[in-house]
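Quick note: numbers below take in every heavy atom, side chains included, and nothing from hydrogens, waters or symmetry partners. Order of the sequence lines sets the chain letters (A, B, ...), proteins ahead of strands, with each chain counted from 1.
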Amino acid sequence: MKKIISAKEAANMIKDGSSIMVGGFLSCGTPDKIIDEIVRQNISNLTMICNDTSTLGNDRGKLIENKQIKKVIASHIGTNPETGRQMNAGEIEVDLVPMGTLIEKIRAKGSGLGGFLTPTGVGTVIEDGKETMIVDGKKYIFEKPLGADFALIYGTKVDKYGNVCFHGTTRNHNTIMATAAETVIVQAEKLVDCLDPDEVVIPGLFIDYIVVGGDN
Amino acid sequence: MKKIISAKEAANMIKDGSSIMVGGFLSCGTPDKIIDEIVRQNISNLTMICNDTSTLGNDRGKLIENKQIKKVIASHIGTNPETGRQMNAGEIEVDLVPMGTLIEKIRAKGSGLGGFLTPTGVGTVIEDGKETMIVDGKKYIFEKPLGADFALIYGTKVDKYGNVCFHGTTRNHNTIMATAAETVIVQAEKLVDCLDPDEVVIPGLFIDYIVVGGDN
Amino acid sequence: MAVIMQELSKEDIRKIIAKRAALEFKDGDVVTLGIGLPTAVADYVPEGINVIFQSENGLLGVGKSQKGDKIDKNIINAGGGFVEAKTGSSFYDSQMAFTMMRGGHIDATVLGALQVDEKGNLASWLIPGKFVPGMGGSMDLVVGAKKVIVVMEHISKGQIKIVKKCNLPLTACREVNLIITERCVFKVNDNGLVMTDINPMFTIDDIKCSVEADFIVSSNLRAMSI
Amino acid sequence: MAVIMQELSKEDIRKIIAKRAALEFKDGDVVTLGIGLPTAVADYVPEGINVIFQSENGLLGVGKSQKGDKIDKNIINAGGGFVEAKTGSSFYDSQMAFTMMRGGHIDATVLGALQVDEKGNLASWLIPGKFVPGMGGSMDLVVGAKKVIVVMEHISKGQIKIVKKCNLPLTACREVNLIITERCVFKVNDNGLVMTDINPMFTIDDIKCSVEADFIVSSNLRAMSI
């Protein structure tokens, strides 16, 4: 049985300077209740790993607007103009990583791999400062694993054993982020007793705490 | 809509000398009907990539006993004494690969990666002849992608669009093998009109042909 | 040329390009569309051709935009719009999305560009100091898709976009296979660009004046449908 | 020593080892058991300790062996036996199994050995020319699990198994944390082996004669329950 905590208790665990991975593709499948509580507690100096910085006024976007983020590692920041503004003003550090490379770096961390070779970004600025290798005549970039102190993820249905399943396009980075952080907290849209083992997408062993988010 | 074919038609596509990936962990979740047809047609000189060579008289084990396999790439051959006998007699080439490395090599192929670094096998014979790298003070072995001409996989329920879902421990290597072969044929325990998109484990785009296996 | 430009409204341009791009699809193709103009291509798929649209955020089988009470807030496309999940569709996570995209399982992608050059290099994600959205999934998609189709206005704000050599940061090297604008279509070969289609409103000289890259004209030059 | 050996039946040996190994688990641990003797450990988990058993073939929450009409032929463990999927369990594919195992998500693994040496090197998968089963998932498991517990008969067919340096092909280097036999328990430290438990039927000298490796004896040496 996993510990069920409030969004406030979840945020309490996160300290100034922590690194957090936050699931979500724009506002879809993102743990907004936990984010709201991080905003309320004004935990700052955070490194945030996420697909995108969402939009103004919404979920991960709030952390940017409230200047709680020191560094963001993401594949896209164009939907939130405030991220670009802070970047140009030198207020925030932004690492842009191709989306497939970002998820694969996180997966490498969660899967105990030391890195991988990807063709993505060869011949572009992504290659700068990285090792490259030729395998069977094709050039690849070597990319390293990426983990975090906390993964804050979303799940459609979560059971008391920490098993998670999803509806629609809410899976996005949530599934893999659950494997790559010291502490993993899932915001469950719905908490159920027990999922059918065939429908589980994230096995319970990856989950440390459950926040019941209600429908959002 | 995917093409539905007979086991015989599936086997017809495979030629002497083809490389085949075959899903299954022992006799669980393996496309036995298609294998039986390959045995019947005596297609030989095959390279077989699989978790294990099953047991005497069963599924992949039959291909070994019938001497249709030139080379097997597997993580375990101990449950089928005939594989070991042929190996010691020089009748078959056996590449033993740690299970996690085997599935990751197949995944690398299916995901367009040029290889990956794994800590598995460091300091053992697995390291022989391979490149190693130190990343953040830890030693890793560089492993390359592995694909095949055909992937023969099992699915519990398959819909007309090629979407596959599973019951129990039948997923094993099936899911990833579906991404890493030129032609992918799934043996469906049950063919249905349309799966719920939330329950799909292998999205239809990976599947080329469906063989309706019936319950086995 | 200014005169001609006035004759083609934004709507015309969009339609000419989208219609032409849609002709590239074969029945059963799995196609990933970029955001903006590329999205319009879905409306012009010829009858009898069934194309399955893939989205990097986790949906194979993207259908129509949804409004009102048809919306399921948990089903979006990569642009954040609410969409239908068509019959036969599937949902998946980002790792699976990029196995599809980088792994060579997408038959064709249609996406926009800031610049394309005669080697098939593509710049689409960054104007240093001005426009920094990030590359999203485009870099993976372009290296992985079997066919990369760039669709864009021939000239944007007076700037030539089909250049000899991209000077904006690249999205990928030598991956573009086809360039479609409202004025013409270029195929990218190992030796450079071949113009295969021309909008009959333009002459070959018009194209030469509006393209920096060298190109040759196909002996089977076709007229684009406008 | 031959006399003593007769006093411990195979069943006794199995029980002493399994009982001791089960004491290593904490409530909530996720544990992967090898095939054979390690499987017996599941029967001795102390009351009040809930352990979740993971299997590389795709089941988290392995329960009891199933017989007769309770069998679901599509639910097996890594040894091919039919098992129960306990309440709260989940099924997954091989990639996920090894994310768990190699990725550091398994709290402890218990597995057998041919040889273990004083550096914690393990040989368990190959006797060249004689026994070639393959490593299966053991190499990944041993590098990835947080705690690696080797359980084995102290001596097998007259062969010493706890050696100075393994001469059989290794499964992994320096990954073993604990060695449990029916005679004693060794903790593997950076400096070598420390005997922490002894079966009261044996003396320290008995152990010294039956182990090739050097070891020190813990000042808190405990008696094993037999």
CG (C:Asp27) with more than 12 external heavy atoms under 6.0 Å: yes

Heavy-atom proximity to chain C below 4.5 Å, by part of A:Leu26: side chain

A:Lys157, NZ: over 12 other non-hydrogen atoms inside 6.0 angstrom: no

From CG (C:Leu170) to OG1 (A:Thr124), nearest 0.5 Å: 7.0 Å

Short side-chain donor-acceptor distance under 3.5 Å, C:Asp140 and A:Thr120: yes

Part of A:Thr118 lying under 4.5 Å from any heavy atom of chain C: side chain

Which atoms of C:Ala97 approach chain A - backbone, side chain, both or neither, heavy atom under 4.5 Å: neither

A:Ile126 portion near chain C, given a 4.5 angstrom heavy-atom threshold: side chain

Best-contacting candidate, C:Val132, C:Leu141, C:Leu59, C:Val142, against chain A by heavy atom pairs under 4.5 angstrom: C:Val132

Gap between atom CD of C:Glu56 and atom CD1 of A:Ile103 - 0.5 Å precision: 12.0 Å

Segment of C:Met101 engaging chain A (4.5 angstrom heavy-atom cut-off): neither

Separation between CE of C:Met139 and CE of A:Met99, rounded to the nearest 0.5 Å: 12.0 Å

Neighbour count above 12 (heavy atom, 6.0 Å) for A:Glu182 CD: no

Engaged part of C:Thr171 at the chain A interface, taking heavy atoms whose separation is under 4.5 Å: backbone

Toward chain A, the part of C:Ala85 with a non-hydrogen atom under 4.5 Å: neither

Step-by-step side chain to side chain contact (heavy atoms under 4.5 Å, CB included) determination, C:Asn57 to A:Asn172: CA-CA 6 Å; C:Asn57 66 305; A:Asn172 55 67; 5.7 Å; no

Separation of C:Ile75 CD1 from A:Cys28 SG (nearest 0.5 Å): 8.5 Å

Chain A contacts, top residue of C:Ser94, C:Ala78, C:Gly134 (heavy-atom pairs, under 4.5 Å): C:Ser94

NZ (A:Lys130) with more than 12 external heavy atoms under 6.0 Å: yes

Under 4.5 Å from a heavy atom of chain C, the part of A:Val97 involved: backbone

Contacting moiety of A:Leu96, where chain C heavy atoms sit under 4.5 Å: both

More than 12 heavy atoms of other groups within 6.0 Å of A:Glu131 CD: no

Contacting moiety of C:Phe91, where chain A heavy atoms sit under 4.5 Å: both

Atom group of C:Asp72 that falls short of 4.5 Å from chain A, counting heavy atoms: side chain

Over 12 non-hydrogen atoms of neighbours within 6.0 angstrom of NZ in C:Lys161: yes

Heavy-atom contacts under 4.5 Å, residues 113-131 of chain C to chain A: C:Trp125

Heavy-atom side-chain proximity of C:Met96 to A:Thr175 below 4.5 angstrom: no

CZ on A:Phe25 to CG on C:Asp93, rounded to 0.5 Å: 13.0 Å

